[in-house]
Amino acid sequence: MKRKILPQKFFTRPALQVARDLLGKFLIREFPSPGGVDAPRGRGGLKQIALMITEVEAYDGPRDKASHASRGETRRNAIMFGAGGYFYVYLCYGMYEMLNIVTGAKDYPAAILLRSAIINFPLIRGVDCRRGRTGCVTDNMVLDGPGKLTRFLKIDHSFNKKPADKSTSLWFEDRGVKIPDKMIRRAPRIGVAYAGPIWSKKKYRFFLTKT
DNA sequence: ACGATGATGAAC
DNA sequence: TTCATCATCGTA
């Protein structure tokens, strides 16, 4: 199976396009592997966790009232105003780290929030699919929610502003999974009622559905 | 339905 | 310097 690290070029495109294309791609997290009985699955004493992305949300441009960028550049959201391909990580509700990947060109603030993923790919095998709380496809390893995802992968604000490549120990791969449009659903984003009737209803949430 | 929990940004 | 808010989650 081919494994191609998604280059920066993948992310320097419009947010909605990147969001759709991230479904079925893999988020790879690399950890140092302590020596001992447990043989490292990766190379050179490193162990990798690969999650297939099943749900994302786009935050697109300075006019998007649901986006942190809608009120201009601040220290927190500065990375959103840079070029695509860098992580934007922030603390939400005092205890949950939200993982985003910045998209688009420099000076156009946009990012994709990674909401859900699965770890043993029932979608591919066609077994044991069920829906999680947000309507996204999950399986027994439920990473259904942005806070759960970062907690599982041990991602915190130290990843903020880092590039999505191997130097960060966190990157994306295309592992050859093709997701037909028929398997993708769009819906309003979650938890953005504050954005008002127009922007809170935009179908900027993308997720995989069964069949 | 609600409380935990702390950074953020806007007001003062 | 305060204070309301918040791209959530687990328990009820």
Side-chain angles (χ1 to χ4, degrees), chain A residues 11 13-23 25 27 29 51 53-82 84-104 108-119 130-162 164 170 172 184-208:
Chain A
F11 299 100
R13 297 184 295 145
L16 296 177
Q17 208 170 312
V18 176
R20 186 256 174 260
D21 291 346
L22 273 178
L23 296 178
K25 299 297 190 297
L27 179 63
R29 175 79 164 100
L51 304 179
I53 297 164
T54 55
E55 182 185 17
V56 298
E57 279 174 4
Y59 290 82
D60 186 21
R63 315 238 309 247
D64 182 354
K65 289 292 186 260
S67 172
H68 291 166
S70 68
R71 282 174 292 181
E73 185 173 340
T74 64
R75 193 161 78 245
R76 179 176 66 164
N77 66 21
I79 190 64
M80 289 185 74
F81 289 77
Y86 291 80
F87 291 113
Y88 170 41
V89 182
Y90 68 93
L91 187 67
C92 191
Y93 295 105
M95 47 184 112
Y96 301 107
E97 303 283 358
M98 301 286 106
L99 175 65
N100 299 254
I101 183 70
V102 174
T103 64
Y108 184 85
I112 310 298
L113 171 67
L114 295 156
R115 288 197 61 90
S116 304
I118 54 178
I119 197 168
R130 61 189 173 86
R131 283 169 186 269
R133 192 167 56 80
T134 62
C136 164
V137 170
T138 63
D139 85 338
N140 297 325
M141 177 60 79
V142 177
L143 295 171
D144 176 33
K148 297 179 193 175
L149 203 155
T150 53
R151 193 175 51 189
F152 181 79
L153 294 180
K154 303 194 194 308
I155 289 165
D156 60 25
H157 55 278
S158 70
F159 285 83
N160 192 37
K161 299 188 177 189
K162 295 210 173 157
L170 184 65
F172 297 91
I184 294 178
R185 293 170 82 97
R186 293 181 60 166
R189 294 169 290 187
I190 290 177
V192 297
Y194 60 84
I198 306 292
W199 290 96
S200 67
K201 286 175 184 156
K202 296 236 182 235
K203 294 187 172 181
Y204 284 4
R205 181 162 69 100
F206 297 73
F207 57 99
L208 292 185

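Order of the sequence lines sets the chain letters (A, B, ...), proteins ahead of strands, with each chain counted from 1.
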Engineer: The side chain of P146(A) is closest to which nucleotide in this list: dA7(B), dC9(C), dA7(C)?
Structural biologist: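 Within the option list, the nearest is dC9(C).
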Engineer: Figure out the CZ/P separation between R115(A) and dC9(C), and round it to whole Å.
Structural biologist: 7 Å
Engineer: Kindly confirm whether the side-chain ring of Y90(A) is stacked on the base of dA7(B), judged by centres under 5.5 Å and planes under 30°.
Structural biologist: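 The base of dA7(B) is not stacked with Y90(A) (the test needs centres under 5.5 Å and planes under 30°).
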Engineer: Please report, rounded to the nearest Å, how far the P atom of dA7(C) is from the NZ atom of K202(A).
Structural biologist: 19 Å
Engineer: Can you tell which of R205(A), K148(A), M98(A) makes a side chain to side chain contact (heavy atoms under 4.5 Å, CB included) with R115(A)?
Structural biologist: R205(A)
Engineer: Considering only side-chain heavy atoms of R76(A), which listed nucleotide, dG10(C), dT8(C), dG9(B), is closest?
Structural biologist: dG9(B)
Engineer: Rounded off to whole Å, could you give me the CD-to-P distance for the E97(A) and dC9(C) pair?
Structural biologist: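 Taking CD of E97(A) and P of dC9(C), I get 13 Å after rounding.
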Engineer: If you only use heavy atoms from C-beta on, which nucleotide in dC9(C), dA7(C), dG9(B) is closest to the side chain of Y96(A)?
Structural biologist: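 Output: dC9(C).
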Engineer: Check the distance between dA7(C)'s P and F206(A)'s CZ and give it to me in whole angstrom.
Structural biologist: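 Going from CZ in F206(A) over to P in dA7(C) covers 19 Å.
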Engineer: Looking at the side chain of K148(A), which of dA7(C), dT8(C), dG10(C) is the nearest nucleotide?
Structural biologist: dG10(C)
Engineer: Let's see if you can work this out: which of dA10(B), dA7(C), dA4(B) has an atom nearest to the side-chain heavy atoms of V192(A)?
Structural biologist: dA7(C)
Engineer: Specify the separation, in whole Å, of atom NZ of K65(A) and atom P of dC6(C).
Structural biologist: 14 Å
Engineer: What is the distance from CE of M95(A) to C1' of dT8(B), rounded to the nearest Å?
Structural biologist: 16 Å
Engineer: Measure from the side-chain heavy atoms of L113(A) and tell me the nearest of dA7(C), dA7(B), dT8(C).
Structural biologist: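 The listed nucleotide nearest to L113(A)'s side chain is dA7(C).
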Engineer: If you take all heavy atoms of G145(A) and S116(A), which pair is closest and at what distance?
Structural biologist: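 Heavy-atom minimum between the residues: N-OG, 3.3 Å.
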Engineer: Taking only the side-chain heavy atoms of L91(A) (C-beta and beyond), determine which of dA10(B), dA7(B), dA7(C) contains the nearest atom.
Structural biologist: dA7(B)
Engineer: With R189(A) as the cation and Y59(A) as the aromatic partner, state whether NZ or CZ is under 6.0 Å from the six-membered ring centre and within 45° of the axis.
Structural biologist: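 Yes, R189(A) and Y59(A) form such a contact.
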Engineer: Under 5.5 Å between ring centres and under 30° between planes: true for Y93(A) and the base of dT8(C)?
Structural biologist: yes
Engineer: Whole Å only: how far is the CD1 atom of I112(A) from the P atom of dA7(C)?
Structural biologist: 16 Å
Engineer: Under a 3.5 Å cutoff, is there a donor and acceptor pairing between the side chains of D64(A) and S70(A)?
Structural biologist: no
Engineer: Which pair of heavy atoms, one from A19(A) and one from A58(A), lies closest together, and at what distance?
Structural biologist: CB-CB, 4.2 Å
Engineer: Could you tell me whether the side chain of H68(A) has a donor or acceptor atom within less than 3.5 Å of a complementary atom in the base of dA7(C)?
Structural biologist: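 Counting by modelled atom types and ignoring angles, a donor-acceptor contact under 3.5 Å is found here.
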Engineer: Please give the distance between the P atoms of dG3(B) and dA4(C) as a whole number of Å.
Structural biologist: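 Looking at atom P only, dG3(B) and dA4(C) are 16 Å apart.
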Engineer: By the 4.0 Å heavy-atom rule, please label M98(A) as base, sugar-phosphate, or nothing.
Structural biologist: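 Result for M98(A) = sugar-phosphate.
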Engineer: Is it true that D60(A) and Y108(A) share a donor-acceptor pair across their side chains at a distance under 3.5 Å?
Structural biologist: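 Per modelled atom types, Y108(A) and D60(A) side chains form a pair under 3.5 Å.
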Engineer: Can you identify which nucleotide, out of dA7(C), dG10(C), dT8(C), has its nearest atom closest to the N100(A) side chain?
Structural biologist: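 Side chain of N100(A) sits closest to dA7(C).
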Engineer: Select base, sugar-phosphate, or nothing to describe what R189(A) touches, counting heavy atoms under 4.0 Å on all strands.
Structural biologist: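 Answer is nothing: R189(A) stays at 4.0 Å or more from every strand.
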Engineer: Could you check which of dG10(C), dT8(C), dG6(B) has an atom nearest any side-chain atom of R151(A)?
Structural biologist: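 Nearest listed nucleotide: dG10(C).
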Engineer: Nearest-Å distance, CG (D144(A)) to C1' (dG10(C))?
Structural biologist: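 Roughly 13 Å, once rounded to whole Å.
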Engineer: Counting only Watson-Crick or G-U wobble pairs whose two distances fall under 3.5 Å, which nucleotide matches dT5(C)?
Structural biologist: dA7(B)
Engineer: Quick one: is dA7(C) close enough that its OP1 or OP2 comes under 4.0 Å of any side-chain N or O from Y194(A)?
Structural biologist: yes
